[in-house]
A.B. asks: 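This is the structure, below, for whatever I ask next.
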Protein chains: 2
Amino acid sequence: MTPPLHDAHPAGHGRRLPDTQQGMRRRNLARVMHTVSAEGPLSRAAVAARIDLTRAAVSTLVDELIRWELLEELGPERPGRVGRPGSALAISGHGPAGIGAEVGVDHLAVCSVDLRGVVRARAVRHGTNRGRPPQPVLAELTALIRQVVAEGEREGLWPAGLAVAVPGLVARDARTVVRAPNLDWHDLDLGPLLPGEPPLTVDNEANFGSLAELWLGDDTPRDFLHVSAEIGIGGAVVVDGRLLRGTRGFAGELGHVPVDPEGPRCACGGRGCLEQYAGEEAVLRAAGLTPGEDSVGQLAERAARGETDVCRALGGAGTALGIALTGAVNLLDPEAVVLGGALAALAPWLLPSLERELARRTAGTACAVAVSRLGSEGPLLGAAHSVVRTVLDDPAAVAERT
Amino acid sequence: MTPPLHDAHPAGHGRRLPDTQQGMRRRNLARVMHTVSAEGPLSRAAVAARIDLTRAAVSTLVDELIRWELLEELGPERPGRVGRPGSALAISGHGPAGIGAEVGVDHLAVCSVDLRGVVRARAVRHGTNRGRPPQPVLAELTALIRQVVAEGEREGLWPAGLAVAVPGLVARDARTVVRAPNLDWHDLDLGPLLPGEPPLTVDNEANFGSLAELWLGDDTPRDFLHVSAEIGIGGAVVVDGRLLRGTRGFAGELGHVPVDPEGPRCACGGRGCLEQYAGEEAVLRAAGLTPGEDSVGQLAERAARGETDVCRALGGAGTALGIALTGAVNLLDPEAVVLGGALAALAPWLLPSLERELARRTAGTACAVAVSRLGSEGPLLGAAHSVVRTVLDDPAAVAERT
DNA sequence: ACTAATTTGTTAAGCGCCCTGACGAAATAG
DNA sequence: CTATTTCGTCAGGGCGCTTAACAAATTAGT
C-alpha cells in the first residue's frame with residue numbers, strides 16, 4: 001500500500017512523482033519515513049515487513065536517509081524476543097523543521113515543529129488586527145518568524161517551509177488572500193510581504209485546522225467533515241485522508257449553506273445561511289450580549305453558569321448546525337463530524353440540539369459527532385505540520401536542497 | 001502471490017499497484033493504454049512524448065500490448081510533416097469487452113462496449129419490476145446478459161466484467177443492495193443470482209450515470225456535481241476525476257438534503273427534504289397529474305404545450321433544486337453542476353428558476369449548470385464503461401486472465 | 001535529381017533498483 | 001555449550017528504463 005501522498009495545495013511538492021525508477025526510489029524513501037514516523041522506533045526488518053520490501057532494500061533506503069540526517073539510529077533494541085535484536089530507527093530531531101504561522105483577528109502566532117512532530121519554539125503577539133493594513137501586520141509576523149527560526153537554528157534546525165493560516169479564502173496558488181472579511185484584506189499576494197527564504201504556503205485556517213485534526217487527532221478517521229467557527233463558520237471536507245479544495249479553492253464554506261430559504265438576509269447575497277443562525281454575531285445577539293474581546297469565553301462562562309438566554313442561543317445555533325450538517329452528511333457520508341475551533345469550547349451546549357436534529361433527519365444510524373481536542377490550536381499546528389508532511393512525502397527533495 | 005490490484009468498486013479507485021519494478025511496468029502499460037484511448041491513433045513517438053518515456057521504452061510496452069491484442073497497429077500515418085512517418089496505434093476492437101446492465105423500475109437493459117468505447121450489442125426488456133421478487137427479475141437479466149455476451153463472442157469479444165446499475169443504495173462490497181425502495185429490495189446480495197463468470201460489480205445508477213458523464217460527456221470537467229432523478233433524486237460527487245463514495249457508500253444523497261427545515265415530512269424521517277419538492281411524486285402532484293407510465297414524458301409534453309400548472313410545478317422543483325444545490329456548491333466548490341437522467345429532458349423548464357436561485361444565493365460568479373447529453377442512457381453506459389476502465393487501468397491483469 | 005535535414009522505430013550497452021540467497025552477528029531456548 | 005531464531009549486510013542476478021547509435025522513410029533545399 002502506497003503512503004498517502006499529501007495534498008497538492010500546500011507546498012509545491014505534491015506533484016506526482018514520475019513512474020520511473022527514480023520516482024519509485026523516492027516513493028519508497030517516503031514510505032520508510034512515513035512508517036517510522038507513524039509507528040515509533042522501528043528496526044529495518046520491521047520497516048521492511050510493513051512496507052513489503054526486503055530487508056536488503058530497506059537497508060539501502062535507510063542508509064541514505066541517515067546520511068541526509070532525516071533518520072537516526074538509536075542503537076540496539078531491548079531484546080525480549082529470540083533472535084538478534086534490531087537496531088531502532090527514529091525520525092531525526094535535527095535537520096528540517098516546519099514553520100507554522102497564524103494571522104488571527106486578535107493575535108499573531110508562529111511555531112516551529114520538527115520532523116518528529118514536536119513543537120520546538122513558539123512566539124505570540126496579542127492585539128487586534130481587524131482593519132489594520134496588511135503591511136505592518138505582516139511585518140510583525142515576519143519578526144516573529146525570524147525569532148522562531150533563529151531559536152530553532154540554535155538547536156540544529158533549519159526551516160524547510162513556511163505555512164501561514166489566514167481567516168479567509170485563499171486562491172489555489174496558495175499565496176493570494178482573495179477575501180478575508182474580518183481583516184478587511186482583499187486580493188492580496190502575501191509572497192512579497194513575508195520572508196522570501198523558506199518556501200511559502202498560505203491557506204485558510206479552517207483547512208489547516210482540519211489537517212491538524214487528521215494528523216494529530218486522537219482517532220480521527222480518514223473521512224470526516226470538520227466544522228470550526230471563529231468569527232465566521234468554516235468547514236473542511238477530508239476524503240480518504242485528503243483535503244477537498246474545490247476548483248477555486250473555496251470548498252468547505254459551510255457558513256453559507258442555506259438553513260431556511262426564507263430566513264434573514266446574509267452578506268453573501270443569500271437568505272437564511274447558517275452563519276445567520278450560528279455565526280458569532282448572531283449567537284451573541286440572540287444571547288443578549290454585545291460583541292467584544294473574548295466573546296467565546298464570555299459565552300462559555302455564562303452558559304456554564306446556566307444563564308437561560310445564553311443556553312437558548314447556543315441551543316438554537318446547535319439546531320441550525322444540525323440542519324446544515326444533515327445536508328452535508330447526506331451528500332458526503334463521512335465517518336464523523338468533528339467540531340473544532342471555538343465550537344469545541346462551546347460543544348457541551350451545542351451538541352444536544354445538534355445531535356438531536358441530525359438524528360431525527362437521518363434514516364438509519366446518524367453520523368457520529370466528535371469534539372476536537374486541539375480547539376483553537378488547530379490551525380497553527382496544522383500549518384506547521386503541513387510543512388513536515390511535505391518533507392515526509394518526498395525526503396529526496398529536501399536532501400537536494402542542502 | 002499477487003497483491004490485490006483493484007478496488008471492488010469501479011471508478012478506478014484501485015490504482016494501488018505496488019512500488020516495485022513490476023508495479024511500475026504495469027502502471028506504464030496503463031499509461032500507454034489511456035493515452036491511446038484518449039487521443040486517438042498515435043505513433044509510438046507521440047505516446048512517448050506524452051507520457052514522458054523514451055521511444056525505446058514505449059516500443060517494448062507497445063509490443064507487449066499488441067501481443068495481448070489490446071492495441072492494434074494501423075500502419076504508416078499520412079506524412080504531412082518532415083521526417084519518417086510513424087506507425088499509428090489504436091485500441092483494439094477485439095478482445096475484452098465491458099458488459100453493462102441496468103435494473104430499472106420499468107425496464108431491464110444490457111449492453112456490451114469494446115475497449116474503444118463503442119457499443120457492440122444491446123438487449124432490453126420493458127415492463128415494470130416494481131415490487132417483483134428479485135429472483136425472476138435477475139433471471140431475466142441473466143438471460144439478456146447471456147444473449148449480449150453470445151453476440152459479442154461472434155465478433156471476437158470476451159466479457160472482462162459485468163457491472164450492474166440499480167436504483168438504490170449499494171454497500172461498499174459492490175455486490176449487496178442495501179435498500180432499493182422502488183423495487184422493494186433490501187439487503188440482497190446479487191452475486192449468487194447473476195452469472196458467476198465475468199467478475200461482478202454492482203453500484204447505484206446515479207453513480208454510474210455520473211461516471212458516464214465524466215468519461216463520455218462533451219466537456220465535462222474533472223470536478224462536478226451530478227444530479228439525476230428517476231423516481232427519487234440521486235446525486236453524485238466527482239472530485240478530481242474520482243467518484244466520492246463515502247464511508248458506507250451512501251455519498252451523494254442529494255434527495256434528502258433539507259430545503260425547508262419546517263417543510264413536509266419525508267419517509268427518511270426528516271422534514272422538507274429536496275425530494276418533497278422535486279421528486280417525481282411531488283412534482284406530479286403539484287402539476288395535478290397522477291403517477292403512471294412515462295410520467296416524465298407526460299410532464300415534458302404538457303410543459304412544452306405551456307400548461308401553466310405543469311410549468312409552475314417544474315419551476316417550483318427548480319427552485320428547490322437551486323436551494324439544495326446552493327448548499328452543495330458552497331460545500332464542494334465544483335466546476336459545474338450537471339443535470340442528468342430525467343432532469344435532462346425537463347431541463348428547459350427547471351433551469352430558469354434553478355439558476356436564478358443559485359445565482360442570488362451565491363457571492364461572486366455562480367457555479368455553471370450544464371445539461372447531460374446522455375440523459376437516461378447514462379447509467380447503462382457508465383456501467384459498461386466502468387469495466388472498460390478497469391482494463392485500461394491495468395491491462396496486465398486481463399492479460400493474465402487469458 | 002540529389003543531398004541534407006528531420007523524424008521514427010529498433011537495437012545493444014549501461015545503469016539503477018529491488019530480489020534472491022548466503023553469511024556473520026547477536027540474542028534466546030534447552 | 002549448542003541449536004535456533006532473527007537481524008543486517010553483501011554479492012549476484014533480473015527487470016525496466018535510458019543513452020547512443022543506426023537504418024528507414026519522408027520533406028526541404030539547390
Side-chain angles (χ1 to χ4, degrees), chain A residues 2 17-32 35-36 41-67 71-90 395-396 399, chain B residues 1-3 17-32 35-36 41-67 71-90 395-396 399:
Chain A
T2 335
L17 292 165
D19 267 320
T20 73
Q21 288 184 124
Q22 286 85 345
M24 188 172 87
R25 178 77 174 172
R26 292 171 76 152
R27 277 191 295 270
N28 282 334
L29 287 163
R31 295 210 293 159
V32 171
T35 306
V36 177
L42 243 47
S43 67
R44 291 167 174 77
V47 172
R50 271 156 238 254
I51 64 180
D52 206 48
L53 290 179
T54 59
R55 300 198 307 273
V58 170
S59 266
T60 72
L61 292 165
V62 166
D63 283 351
E64 203 154 12
L65 292 169
I66 288 178
R67 204 172 325 122
L71 283 184
E72 270 177 7
E73 187 124 32
L74 296 183
E77 285 173 324
R78 196 162 300 275
R81 289 180 310 276
V82 60
R84 170 178 167 179
S87 181
L89 300 167
Chain B
M1 183 188 70
T2 20
L17 292 166
D19 267 320
T20 76
Q21 288 183 119
Q22 285 87 344
M24 187 173 87
R25 178 77 174 172
R26 293 171 77 150
R27 278 191 295 270
N28 282 334
L29 286 163
R31 294 211 291 159
V32 171
T35 306
V36 176
L42 242 47
S43 69
R44 290 167 175 76
V47 172
R50 270 156 237 254
I51 66 178
D52 206 48
L53 291 178
T54 60
R55 300 197 306 275
V58 170
S59 266
T60 72
L61 292 165
V62 165
D63 283 352
E64 203 155 12
L65 291 169
I66 287 177
R67 203 171 328 120
L71 281 185
E72 270 177 8
E73 187 126 32
L74 297 183
E77 284 174 326
R78 198 158 301 273
R81 288 180 312 277
V82 61
R84 169 178 167 179
S87 181
L89 299 167

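Below, chain A is the first sequence line, B the second, and so on; all start at residue 1.
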A.B. asks: What do the steps show when you test B:Asp19 against B:Arg27 for salt bridge (Lys or Arg N to Asp or Glu O under 4.0 Å), and what is the final call?
C.D. replies: CA-CA 10 Å; B:Asp19 267 320; B:Arg27 278 191 295 270; 3.3 Å; yes

A.B. asks: Ignoring backbone atoms, establish whether A:Asn28 has a side-chain N or O less than 4.0 Å from OP1 or OP2 of C:dC18.
C.D. replies: yes

A.B. asks: When you measure from the side chain of A:Pro85, which nucleotide among C:dA27, C:dG9, D:dT19 comes out closest?
C.D. replies: C:dA27

A.B. asks: Which residue, A:Ala45 or B:Thr54, contacts DNA chain D at a nucleotide closer to its 5' end, judged by nearest heavy atom?
C.D. replies: A:Ala45

A.B. asks: Nearest to the A:Ser59 side chain among D:dT9, C:dC18, D:dT5, which nucleotide is it?
C.D. replies: D:dT9

A.B. asks: Does B:Arg26 put a side-chain nitrogen or oxygen below 4.0 Å from OP1 or OP2 of D:dG16?
C.D. replies: no

A.B. asks: Check if the side chain of B:Gln21 and the base of C:dG16 share a donor-acceptor pair of N or O atoms closer than 3.5 Å.
C.D. replies: yes

A.B. asks: Taking N and O atoms by type only, does the side chain of B:Arg84 place a donor or acceptor under 3.5 Å from a partner on the base of C:dT7?
C.D. replies: no

A.B. asks: Of the nucleotides D:dT9, D:dC17, C:dC18, which one has an atom closest to the side chain of B:Met24?
C.D. replies: D:dC17

A.B. asks: Identify which nucleotide among C:dT28, C:dC18, D:dT19 has an atom closest to any side-chain atom of A:Val82, counting heavy atoms from C-beta outward.
C.D. replies: C:dT28

A.B. asks: Which part of the nucleic acid does B:Arg55 contact within heavy-atom distance under 4.0 Å: base, sugar-phosphate only, or nothing?
C.D. replies: base

A.B. asks: With a 4.0 Å cut-off on heavy atoms, is A:Thr20 in touch with a base, just the backbone sugar-phosphate, or nothing at all?
C.D. replies: nothing

